[in-house]
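Along the sequence shown, residues carry numbers from 1.
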Amino acid sequence: MADLIYRPRRTRRSEAMRDLVAQAQLAPRNLVQPLFVVPGAGVKQPIEALTGQFHLSPDTAAQMAKEIRAAGVPAVLLFGLPPHKDAVGSYAARADAPVQEAVRRIKDAVPELVVICDLCLCEYTDHGHCGVLREDGGVDNDATLPLLMQAAVSQAEAGADVVAPSDMMDGRVGALRRALDETGFHETAILSYAVKYRSAFYGPFREAAGSAPKEGDRSTYQMDFRNGREALREARLDVAEGADMLLVKPGLPYLDVLQSVRAATELPVGAYHVSGEYAMLEAAAGRGLIDRDMAVTESLYAMRRAGADFIVTYYALEWAQRGLCR
Ligand code: PBG
């Protein structure tokens, strides 16, 4: 018989024992459900690239928001598909755009649900970049800021609780804070996608949002995936500029980054479990190669364990409704 002082298996002997010593927790209140809002009424159209997710008109988005809140999920993240795109993404700042309309409907239907608006131009520009273009085709950082400011104020006017800039322009958090304060929206929070990598894992989202760049890629503004330390600089800049919460994106491939950002700031930190991660899980589970429920739950716990206070995930509603957050 082995003479062992410490036997780690002692605390794994039963489910109750494992529950007792478990470190990370996962609850519906740790999740944020993304929703894709389209023009019209009565629309609930399955998104081919994101099985189980829907294109929703503002009215059906409000219905779904009720279900989301009833399931214990505290927040939604809204993306919009405008009826028309142009070079400067005009619809991003229009009061009659689908997202703004959805915010009003949702706040009307479920006032206590936290409504977060993704703030970026890529869904609204005809070229698909996250900012306006210079003549040489590059994205013009400083000319983009005023457009983001207008869009943020428009989202706040519609009733958004939080604006979430995902464009990766330098200085946008400070600019947005000023714009919101000057227009009286001191209470509108900023969730900054402080650490957002240029990633292949956004593929299905871009199909769902029609936001793939027509030419080139996002490598001049989104972060280089070879860099980890740079994430801390990005995070600290956004803290200094007035961000209320930070987001690390994507999730699972960047757990090291998530953990280091968590350690470097006192602000709440979220992880975005992005569309490509969702697609990989769905594809592998669809082929019977992995157990879907277990693999998704393990993925969500991994992000919690690495330090995510909340997780933006396409699984939020389903996992909360089916009681799988345990
Ligand atoms: C907008 C934005 C993107 C995602 C969230 N906000 C796409 C991108 O940067 O190209 C991706 C989300 C996902 O893949 O689930 N800039």
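Placement of V110 and F310 in two distinct hydrophobic clusters is found when ILVMFWY residues are connected by side-chain heavy-atom separations under 4.5 Å, directly or transitively. Following chains of ILVMFWY side-chain contacts shorter than 4.5 Å, one cannot reach V99 starting from Y272, and the two form parts of different hydrophobic clusters. M169 and V163 fall within the same hydrophobic cluster, defined by Ile, Leu, Val, Met, Phe, Trp and Tyr side-chain heavy atoms under 4.5 Å apart, directly or through other members. Placement of M280 and I47 within a single hydrophobic cluster is found when ILVMFWY residues are connected by side-chain heavy-atom separations under 4.5 Å, directly or transitively.
Put simply, the side chain of V88 does not reach to within 4.5 Å of the side chain of T125, judged on heavy atoms. Residues H55 and V38 are in side-chain contact: their nearest non-hydrogen atoms beyond the backbone lie under 4.5 Å apart. Here the side chains of H127 and E215 are not in contact, with every heavy-atom distance at 4.5 Å or above.
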- Message: Apply salt bridge (Lys or Arg N to Asp or Glu O under 4.0 Å) to residues R304 and D309 and explain how you reach the verdict.
- Response: CA-CA 7 Å; R304 288 281 289 152; D309 296 307; 5.1 Å; no
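Of all heavy-atom pairs between G128 and R218, the closest is O-NH1, 2.8 Å. The heavy-atom pair separating S57 from V37 by the smallest distance is C-CG1, 4.3 Å.
Of the possible donor and acceptor atoms, one in the side chain of T60 sits under 3.5 Å from a partner among the backbone N and O of V43. With hydrogens and angles ignored, the 3.5 Å screen pairs no side-chain donor or acceptor of Q33 with any backbone N or O of V73. Judged by distance alone, with hydrogens and angles left aside, the side-chain atoms of T11 form a donor-acceptor pair with the main-chain N or O of P8 at under 3.5 Å. Using modelled atom types, no side-chain atom of H186 and backbone atom of L180 make a donor-acceptor pair closer than 3.5 Å. With R172 contributing its side chain and P165 its backbone, the two residues share a donor-acceptor pair below 3.5 Å. At least one donor-acceptor pair under 3.5 Å links the side chain of E277 to the backbone N or O of V274. The main-chain N or O of E123 is never found under 3.5 Å from a side-chain atom of S211 such that the two would form a donor-acceptor pair. Looking only at distances, a side-chain donor or acceptor of N141 sits under 3.5 Å from a matching main-chain atom of D170. Without hydrogens or angle criteria, D140 side chain to V132 main chain gives no donor-acceptor distance under 3.5 Å. Panel note: side chain Q23, backbone R305; no donor-acceptor pair is recorded below 3.5 Å.
The distance between the ring centers of Y91 and Y124 does not fall below 6.0 angstrom. Aromatic ring centres of Y254 and F225 lie farther apart than the 6.0 Å criterion allows.
Remark: K214 does not engage D126 in a salt bridge, criterion side-chain N to carboxylate O under 4.0 Å. Of the charged side-chain nitrogens involved, at least one lies within less than 4.0 Å of a carboxylate oxygen, so that R322 and D293 count as a salt-bridged pair. Taking a cutoff of 4.0 Å between a charged side-chain nitrogen and a carboxylate oxygen, R287 and E282 do not qualify as a salt bridge. The pair R198-D224 does not meet the salt-bridge criterion, since no charged nitrogen lies less than 4.0 angstrom from a carboxylate oxygen. With salt bridges taken as basic N to acidic carboxylate O contacts below 4.0 Å, none links R18 and E15. Contact check on K196 versus D167 returns no salt bridge, with no Lys/Arg side-chain nitrogen under 4.0 Å from an Asp/Glu carboxylate oxygen. Salt-bridge annotation for D181 and R177: present, with a side-chain N of the basic residue lying under 4.0 Å from a carboxylate O of the acidic one. D59 has no carboxylate O lying under 4.0 Å from a charged side-chain N of R105, or vice versa, which leaves the two without a salt bridge.
Classified by interplanar angle (parallel below 30°, tilted 30° to 60°, perpendicular above 60°), the ring pair H129/Y221 is perpendicular.
In R10, the CZ atom is crowded: over 12 heavy atoms of neighbouring residues, nucleotides or ligands sit closer than 6.0 Å. Residue D136 qualifies as enclosed at atom CG: its count of foreign heavy atoms under 6.0 Å is above 12. Other residues, nucleotides and ligands contribute over 12 non-hydrogen atoms within 6.0 Å of the CD atom of E230.
A donor and an acceptor atom, one from each side chain of Q53 and Y278, are located under 3.5 Å apart.
A cation-pi geometry, defined here as NZ or CZ lying under 6.0 Å from the six-membered ring centre and within 45° of its normal, holds between K44 and F54.
Rounding to the nearest 0.5 angstrom, the gap separating the CD1 atom in I116 from the CD1 atom in I190 is 13.0 Å. With rounding to the nearest 0.5 angstrom, the CD1 atom of I311 is 5.0 Å from the CG atom of L300.
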All N/O donor-acceptor pairs, side-chain side in residues 146-156, below 3.5 Å, sequence neighbours left out:
residue, atom, partner, partner atom, Å
S154, OG, A93, O, 3.4
S154, OG, Q100, NE2, 2.7
Q155, NE2, D118, O, 3.2

